[in-house]
Peer 1: 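What follows is a single structure, and I will ask about it in a moment.
Values below: all heavy atoms of this structure, side chains included; hydrogens, waters and symmetry mates excluded.
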Amino acid sequence: MTTKIIAIDLDGTLLHSDNTISDYTVNTIKKVREQGHHVVIATGRPYRMAVEHYKRLELDTPMITFNGSLTHLPGKKWEYEQSVTLDKTYLFDILKFSDFFEMDFIASEYRKNFYVTLDYPERITPALFGVDRITERMRLEPTKITRNPNALLMQSRAADKISLANRMREHFKNEIEIDSWGGPLNILEVSPKGINKAFALSYLLTIYHKTPDDLIAFGDEHNDTEMLHLAKSGYAMKNASQVLLPFADEKLNYTNEEDGVARQLEKLFL
C-alpha cells in the first residue's frame, strides 16, 4: 500500500468539545502510523495551543499551525521549516475598526508569544492562548508590535462569523485571508494572502515526494476548504459547516464528539 499523508484539523474535527482526544482516537492513529502513514496536524491554532495534542498523539511529523503560516518540526531544528508572516500594518488597521467589527479581542500571534487587546478582559478565555491567565504584560499596544506576526486571532460578538469574515475580506479588498475556527466560539483568524492549510500541505507533499493523490484530509470549518479541495480524499465531519461541504468528497456519519476521524481511519486502514 502506498503510504499516505493524513492531514487532520483539531477544533471541531479531532478534538472533543472539552479540548481532549479520546484514547480510542489515540490508539487508532498509532496503528495507522505503524503502517507507515504520516499523520499531520493542520490547525488554525498557534503552536503553543497545539503542541500538547501533538505530544498526546506521539507524532514525529511536521506540524502546520496558524492556518498554514508556520510549518515546522516541534522541538527540533528542521532545515525545511517554513514561516510566513503578515504585514503588521493590517493589524493596525483592524485595531482602528475594532468596534465596527464588534471585536471582543484582537491578538497578534507569534510562535512563542502573543499580545492581546484588553478592552474586554472578562470576554477572553486564557486557554485560547495556552495560558492560565491573561496578564498586563500581554496587553497589545502598538509600541510592542515591532515584528510582523504569523497570524491574528480575533473573537467577535457578531452573530454570524462567516458573514463577518466576508465583510472583513471586502473591507481589505481580499488582500488577506480571513477564516473562522471550528467549534462554538466566534473566532476568526487572519493570515497573509494565499496562505492556508493547502499552501502548507502542498509544501509538505514536495518534501515527502508525494502528490495530492496521496493526501487524505479531515476538517469541519471554512478554513478547511482549500485543504479538502487539494486532497484526493477530503472528509467533512458530520458536524461540519455547510460552507465546507461542497469541497468534501464525503461527509462522515459521525461528529468530532463521536470520534469520526478515528472511525473513518479504522475503516480505511484497519
Peer 1: Take a 6.0 Å sphere around OH of Y24 and say whether it holds more than 12 heavy atoms from other residues, nucleotides or ligands.
Peer 2: yes
Peer 1: Can you tell me how far apart OH (Y120) and CE (M103) are? Round to the nearest 0.5 Å.
Peer 2: 12.0 Å
Peer 1: Quick check on the 6.0 Å ring-centre criterion: do F92 and F97 meet it?
Peer 2: no
Peer 1: Side chains of L140 and F114: closer than 4.5 Å at any heavy-atom pair?
Peer 2: no
Peer 1: Go through the structure and list residues passing side chain to side chain contact (heavy atoms under 4.5 Å, CB included) with Y254, not counting sequence neighbours.
Peer 2: E258, R263
Peer 1: If you count heavy atoms of other groups shown closer than 6.0 angstrom to CD of E170, is the number above 12?
Peer 2: no
Peer 1: Given side chains that start at C-beta, do those of T65 and P46 come closer than 4.5 Å, heavy atoms only?
Peer 2: no
Peer 1: To the nearest 0.5 Å, tell me how far I5 CD1 sits from D213 CG.
Peer 2: 13.0 Å
Peer 1: Does H53 form a side chain to side chain contact (heavy atoms under 4.5 Å, CB included) with N19? I'd like the steps, not just the answer.
Peer 2: CA-CA 9 Å; H53 301 302; N19 197 43; 3.3 Å; yes
Peer 1: For side chain to side chain contact (heavy atoms under 4.5 Å, CB included), just list the numbers for T71 and M63, CA-CA rounded to whole Å, side-chain angles, deciding distance to a tenth of an Å, and then say yes or no.
Peer 2: CA-CA 6 Å; T71 302; M63 181 163 63; over 6 Å; no
Peer 1: Do R123 and R157 have side-chain heavy atoms sitting under 4.5 Å apart?
Peer 2: yes
Peer 1: Same hydrophobic cluster for Y80 and V40, using side-chain heavy-atom links shorter than 4.5 Å among ILVMFWY?
Peer 2: yes
Peer 1: So, the side chain of T225 versus the backbone of H222: is there a donor-acceptor pair under 3.5 Å, distance only?
Peer 2: yes
Peer 1: Atom CD1 of I8 and atom CD of Q264: how far apart are they, to the nearest 0.5 Å?
Peer 2: 11.5 Å
Peer 1: Are I64 and L70 side-chain neighbours, meaning at least one heavy-atom pair lies under 4.5 Å?
Peer 2: no
Peer 1: Quick check against the 3.5 Å criterion: does T117 have a side-chain atom that pairs as donor or acceptor with the backbone of D119?
Peer 2: no
Peer 1: Identify whether the distance between the nearest side-chain nitrogen and carboxylate oxygen of D23 and R56 falls below 4.0 Å.
Peer 2: yes
Peer 1: How about E221 and D179: do any of their side-chain heavy atoms sit closer than 4.5 Å?
Peer 2: no
Peer 1: Could you grab the distance from atom CG of N239 to atom OG1 of T255, nearest 0.5 Å is fine?
Peer 2: 5.0 Å
Peer 1: Donor-acceptor pair, distance only, cut-off 3.5 Å: does the side chain of K31 make one with the backbone of F269?
Peer 2: no
Peer 1: In the structure I gave you, are the side-chain heavy atoms of T211 and L205 within less than 4.5 Å of one another anywhere?
Peer 2: no
Peer 1: For P74 and T61, work out which heavy atoms get closest and say how close.
Peer 2: CD-O, 4.1 Å
Peer 1: If every non-hydrogen atom of K112 is compared with every non-hydrogen atom of R48, which pair is closest and at what distance?
Peer 2: C-NH1, 4.3 Å
Peer 1: Which label fits Y203 and W78: parallel for a plane angle under 30°, tilted from 30 to 60°, or perpendicular past 60°?
Peer 2: perpendicular
Peer 1: If you compare all heavy atoms of A236 against all heavy atoms of L244, which two are closest, and at what distance to 0.1 Å?
Peer 2: CB-CD2, 4.0 Å
Peer 1: Which heavy-atom pair separates T135 from L118 by the least distance, and what is that distance?
Peer 2: O-CD1, 4.2 Å
Peer 1: Indicate yes or no: does E136 engage R139 in a salt bridge with an N to O separation below 4.0 Å.
Peer 2: yes
Peer 1: With hydrophobic residues grouped by side-chain heavy-atom distances under 4.5 Å, do L91 and I187 end up in a single group?
Peer 2: no
Peer 1: Side chains of E257 and S17: any donor to acceptor distance under 3.5 Å?
Peer 2: yes
Peer 1: Could you walk me through whether S69 and L86 pass side chain to side chain contact (heavy atoms under 4.5 Å, CB included), step by step?
Peer 2: CA-CA 9 Å; S69 292; L86 178 74; over 6 Å; no
Peer 1: With no hydrogens and no angle check, is any side-chain donor or acceptor of Y90 less than 3.5 Å from a backbone partner on L152?
Peer 2: no
Peer 1: Can you tell if the side chain of I29 reaches within under 4.5 Å of the side chain of V26, non-hydrogen atoms only?
Peer 2: no
Peer 1: Counting heavy atoms not belonging to K30, are there more than 12 under 6.0 Å from its NZ?
Peer 2: no
Peer 1: Once rounded to the nearest 0.5 Å, what's the spacing between atom CG of L204 and atom NE2 of H38?
Peer 2: 10.5 Å
Peer 1: Look at E52 together with K55 and state whether they make a salt bridge at an N to O cut-off of under 4.0 Å.
Peer 2: yes
Peer 1: Kindly give the heavy-atom pair with the smallest separation between D259 and S22, and that separation in Å.
Peer 2: OD1-OG, 3.0 Å
Peer 1: Do D249 and S233 have side-chain N/O donor and acceptor atoms under 3.5 Å apart?
Peer 2: no
Peer 1: Should D60 and R33 count as an ion pair when the cut-off is N to O under 4.0 Å?
Peer 2: yes
Peer 1: To the nearest 0.5 Å, tell me how far L188 CG sits from M168 CE.
Peer 2: 6.5 Å
Peer 1: Taking T125 for the side chain and A127 for the main chain, is one N or O donor matched with an acceptor at less than 3.5 Å?
Peer 2: no
Peer 1: Quick check on the 6.0 Å ring-centre criterion: do H72 and Y47 meet it?
Peer 2: yes
Peer 1: Can you check side-chain hydrogen bond (donor to acceptor under 3.5 Å, both in side chains) on N150 and T85, steps first, answer last?
Peer 2: CA-CA 4 Å; N150 282 101; T85 58; over 6 Å; no
Peer 1: Side chains of E109 and Y115: any donor to acceptor distance under 3.5 Å?
Peer 2: no
Peer 1: Find out if a path of hydrophobic residues (ILVMFWY) with successive side-chain heavy-atom gaps under 4.5 Å connects Y54 to L15.
Peer 2: yes
Peer 1: Mark yes or no: R167 above the aromatic ring of F172, with NZ or CZ under 6.0 Å from the six-membered ring centre and no more than 45 degrees from the axis.
Peer 2: no
Peer 1: For A200, is there any backbone N or O sitting under 3.5 Å from a side-chain donor or acceptor partner on Q82?
Peer 2: no
Peer 1: I'd like to know whether NE2 of H16 has more than 12 heavy-atom contacts from other residues, nucleotides or ligands below 6.0 angstrom.
Peer 2: yes
Peer 1: Please report the closest heavy-atom contact between I124 and P126, naming both atoms and the distance.
Peer 2: O-CD, 3.3 Å
Peer 1: Whether the D87 and T89 side chains hold a donor-acceptor pair (N or O, under 3.5 Å, no angle test) is what I'd like checked.
Peer 2: yes
Peer 1: Is any side-chain heavy atom of F101 closer than 4.5 Å to one of L164?
Peer 2: yes
Peer 1: Please determine if E102 and K161 form a salt bridge, counting it only when a charged side-chain N lies under 4.0 Å from a carboxylate O.
Peer 2: no
Peer 1: Taking a hydrophobic cluster as the set of Ile, Leu, Val, Met, Phe, Trp and Tyr residues connected by side-chain heavy atoms closer than 4.5 Å, whether directly or through intermediates, do I145 and L153 fall within one such cluster?
Peer 2: no
Peer 1: When you compare the side chains of T25 and T28, does any donor N or O come within less than 3.5 Å of an acceptor on the partner?
Peer 2: no
Peer 1: Side chains of residues 189-197: which donor-acceptor pairs under 3.5 Å do they make with residues two or more places apart or in other chains?
Peer 2:
from: E189; atom 1: OE1; to: W181; atom 2: NE1; distance (Å): 2.8
from: E189; atom 1: OE2; to: N67; atom 2: ND2; distance (Å): 3.4
from: E189; atom 1: OE2; to: N223; atom 2: ND2; distance (Å): 2.8
from: K193; atom 1: NZ; to: N174; atom 2: O; distance (Å): 2.9
from: N196; atom 1: OD1; to: A198; atom 2: N; distance (Å): 3.0
from: N196; atom 1: OD1; to: F199; atom 2: N; distance (Å): 2.9
from: K197; atom 1: NZ; to: D9; atom 2: OD1; distance (Å): 2.9
from: K197; atom 1: NZ; to: A42; atom 2: O; distance (Å): 3.1
from: K197; atom 1: NZ; to: D224; atom 2: OD1; distance (Å): 2.6

Peer 1: Would you please say whether a donor-acceptor pair under 3.5 Å links the side chains of T3 and K210?
Peer 2: yes
Peer 1: Is a side-chain donor-acceptor pair under 3.5 Å present for T2 with D214?
Peer 2: no
Peer 1: Would you say T13 and D220 are linked by a side-chain donor-acceptor pair, where the criterion is simply a distance under 3.5 Å?
Peer 2: yes
